[in-house]
Undergrad: 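Got a structure for you, questions after.
First the proteins, then the strands, lettered A, B, ... as listed; each starts at 1.
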Amino acid sequence: METVIKVENLIKRFGNFTAVDNISFEVKKGEIFGFLGANGAGKTTVMRMLCGLSKPSSGKAIVAGFDVDKDAEEIKKRIGYMSQKFSLYEDLKVWENIKLFAGIYGVKKTDIKAKTDELLRELGFESERETYVKALPLGWKQKLAFSVAIFHEPKVVFLDEPTGGVDPATRRTFWELIYKAAEKGITCFVTTHYMDEAEYCDRVSIMVDGRIDALDTPKRLKEIYSAKNMDEVFQHLAKKAERQAD
Amino acid sequence: MFRYLLEKEFKLIFRNKIFVAIIFVFPIMALILMPFAANFEIKHTRVTVIDNDHSSYSSQLINRISSNKYFQLSSISTNYSSAKDEIEKNDADVILTIDKDFEKNFINGKPTLPIISANAVNGMKGSIGAAYLMNCINEFLSDKKPSIAPIQSTYQLKVAENYLYNKTLNYKLFMVPALMVMLLTIICGFLPALNIVGEKENGTIEQINVTPISRFYFILSKLIPYWIIGTFVISIGFLVAWVLYGITPSGNILVCYLFSFVFILTVSGLGLILSNYAHTYHQAMFMMFFFLIILILMSGLFTPIRSMPEWTQWIAKVSPLRYYIEAMRAVYIKGSGVSNLIPQLTYLTSFAIIFNLIAVWSYRKKN
């Protein structure tokens, strides 16, 4: 299997504070990789480095075949990103947001049109084509944001707590979208605080105080920590944290 | 790729109702109201008179003053302290004291001076008001008895008045072109600054930063809409000045447009730089106010730069507004062409280039 993300001894310091403390891992193509950790454990910092939004202090990270330190702009062409905070343009209509981001990623004009129709049909959003994004319910916005993030068929999509504040039913349908993307070969790198979602992942890593303390399939992790579910695994590891969550 | 970005900017600007209102209403209101407020003529100076003479001359003088459009006779006071009360209550600006033997001394050829005391809280208003009143009294006295030399001085030179360019000393002709500069500064300086900060507050800039859009195109997509809006706004300005005040450039209007194009780029660039450093609307607004107030005061809009101390004149040298105002006034009033305004054009172009380079440089996709 092709390796899409390769991280070696990655460190990020802010002044005296080491937010990310020497982590290494690999993610394969088409994998759904759960990136867990308590608030302040360093998840978002890692994700920002992998997206080329933040410079590593030391260590190496290769995403979609490019070095985050040297070729951040090349990486950006090949990834999708959905942030914690909703970040489509609220004053643009649904189709206008799709068109804008597709256009930015260089999708051909004729393709944009055809794929937009297809996407809206799959999401059951056909009637919302002309709706301003600000008028959509949160769950719908998140689904739309995810669909926009993978519209240009990136190699990896980074999802930073994509289901925060979303109801359980919508979270389920959201995860169906993630599975579909993974089937198409898009690697999904997901952070979440919902442990039921962690069970849906192919592999899970758990960050504690800037380090990765556990990394394996949910099944194996439960065996190792002789836990009933991922929640127990997480509690067991997070207990050791010395860093105050912010 | 860039086309999509530009399309988005235009849509977002024109969907913001307040922006649209500002673009249309602001230039018209500013040009209707501001020339009347930014008026340096001193009119309606309120005079209180202490008439100790009660003669026919003194009452003629009082009539003369009260019929003059520059003065308003606020009251006749009986003594100095009641007149001073008037000033303290802000019912009068100037006290005119007429001496007891005003008429008698005048006829005898030894005129006594009426005394003028002016409220100098607003120094300019006080001194100009007093000087006007002095002129008015002098005129009265020389009408009465032309042989008597004016009081002010024993001899007076008659100055041949010949005002160049602005023959009628119409202050509107001086102010209106400069007010258009203010307009562009506010619309093309403030709005782009708020624009990028708005994207920061909404979090959309994060989404843009993970795309392969280059800094240059991102900044350009912010500049172009304001460039077009600014051109539109200045055109409204030219039109309103013509319709309302009959003021048209005595030079070529294309020269005005040329300078406007460069100037818009300059102030927008400045706005963009600030927005790159501000994290919230509030910060951006306050930074913009800070710079605008200094730049406007240093621009020669209200006061001549040459009458400032030398060290502030140096600051005025780096105010892009100054060069644009100079150019606009020159084209409007003197009819100057580009060849007369090469220094201004050079300075403005350099500012435009420098500011926008800094804007691109200081916009960080990465931290």
Undergrad: What are the two closest non-hydrogen atoms of B/Lys11 and A/Leu92, and how far apart are they?
TA: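 Shortest heavy-atom separation between B/Lys11 and A/Leu92 comes out as CB-CD2, 4.0 Å.
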Undergrad: Any carboxylate oxygen within less than 4.0 angstrom of a Lys/Arg side-chain nitrogen, looking at B/Arg15 and A/Glu90?
TA: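 No, no charged N to carboxylate O under 4.0 Å.
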Undergrad: Could you state the interatomic distance from OH (B/Tyr4) to CD (A/Glu96), rounded to the nearest 0.5 Å?
TA: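 Answer for the OH-CD pair, B/Tyr4 versus A/Glu96, is 13.0 Å.
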Undergrad: When you check the side-chain N and O atoms of B/Lys8 and A/Tyr89, is any donor under 3.5 Å from an acceptor?
TA: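 The answer is yes; a qualifying pair exists.
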Undergrad: Side chain, backbone, both or neither: which part of A/Leu88 has a heavy atom under 4.5 Å from chain B?
TA: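 Answer is backbone: N, CA, C or O of A/Leu88 sit under 4.5 Å from chain B.
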Undergrad: Minimum heavy-atom separation for B/Ile208 to A/Phe101, with atom names?
TA: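 Minimum heavy-atom contact is CD1-CE2, 4.3 Å.
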Undergrad: Other residues, nucleotides and ligands only: do more than 12 of their heavy atoms fall within 6.0 Å of CE on B/Met29?
TA: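 Check fails, neighbour count at 12 or below.
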Undergrad: Should we say atom CZ of B/Phe19 is surrounded by more than 12 heavy atoms from elsewhere, each under 6.0 Å from it?
TA: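 Enclosed: over 12 neighbouring heavy atoms sit under 6.0 Å from CZ of B/Phe19.
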Undergrad: If you count heavy atoms of other groups shown closer than 6.0 angstrom to CZ of B/Phe10, is the number above 12?
TA: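 Buried by this count: over 12 neighbours within 6.0 Å.
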Undergrad: Just checking A/Lys28: does its NZ atom have more than 12 heavy atoms from other residues, nucleotides or ligands closer to it than 6.0 angstrom?
TA: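 More than 12 within 6.0 Å, yes.
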Undergrad: Which heavy-atom pair separates B/Gln207 from A/Ser87 by the least distance, and what is that distance?
TA: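 Answer, listing the atom of B/Gln207 first, then A/Ser87: OE1-OG, 2.7 Å.
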Undergrad: Within the structure provided, determine whether B/Val210 and A/Leu53 are in side-chain contact (heavy-atom separation under 4.5 Å).
TA: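 Side chain of B/Val210 against side chain of A/Leu53, heavy atoms only: contact under 4.5 Å found.
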Undergrad: Measuring only between side-chain heavy atoms, which start at C-beta, is A/Lys99 closer than 4.5 Å to B/Glu7?
TA: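 When only atoms from C-beta onward are counted, B/Glu7 and A/Lys99 do touch, with a gap below 4.5 Å.
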Undergrad: I'd like to know which of A/Phe158, A/Phe86, A/Tyr132 tops the heavy-atom pair count under 4.5 Å against chain B.
TA: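 So the answer, after comparing A/Phe158, A/Phe86, A/Tyr132, is A/Tyr132.
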Undergrad: Quick check for you: to the nearest 0.5 Å, what is the distance between A/Leu100 atom CG and B/Glu9 atom CD?
TA: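 Here the interatomic distance stands at 9.0 Å.
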Undergrad: Can you confirm whether more than 12 heavy atoms, excluding those of A/Lys6, are under 6.0 Å from its NZ atom?
TA: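 It does not: A/Lys6 NZ has 12 such atoms or fewer within range.
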Undergrad: Check whether any side-chain heavy atom of B/Leu5 lies under 4.5 Å from a side-chain heavy atom of A/Ile104, and answer yes or no.
TA: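 Yes, close enough: below the 4.5 Å cut-off.
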Undergrad: Could you tell me which non-hydrogen atom of B/Pro212 sits nearest to which non-hydrogen atom of A/Tyr105, and how far apart they are?
TA: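 The pair with the smallest heavy-atom distance is CD-CE2, 3.5 Å.
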Undergrad: Using 0.5 Å steps for rounding, measure from the CD1 atom of B/Ile13 to the CG atom of A/Asp91.
TA: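 Atom-to-atom, B/Ile13:CD1 and A/Asp91:CG are 12.0 Å apart.
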Undergrad: Look at the side chain of A/Lys76 and the backbone N and O of B/Asn209, then say whether any donor-acceptor pair between them is shorter than 3.5 Å.
TA: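 Here the side-chain-to-backbone pair exists.
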Undergrad: With a sphere of 6.0 Å drawn around CZ of B/Phe286, does it hold more than 12 non-hydrogen atoms of other residues, nucleotides or ligands?
TA: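 Not more than 12 within 6.0 Å, no.
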Undergrad: Is the shortest side-chain N to carboxylate O distance from A/Lys85 to B/Glu206 below 4.0 Å?
TA: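 A salt bridge is absent here (no side-chain N lies under 4.0 Å from a carboxylate O).
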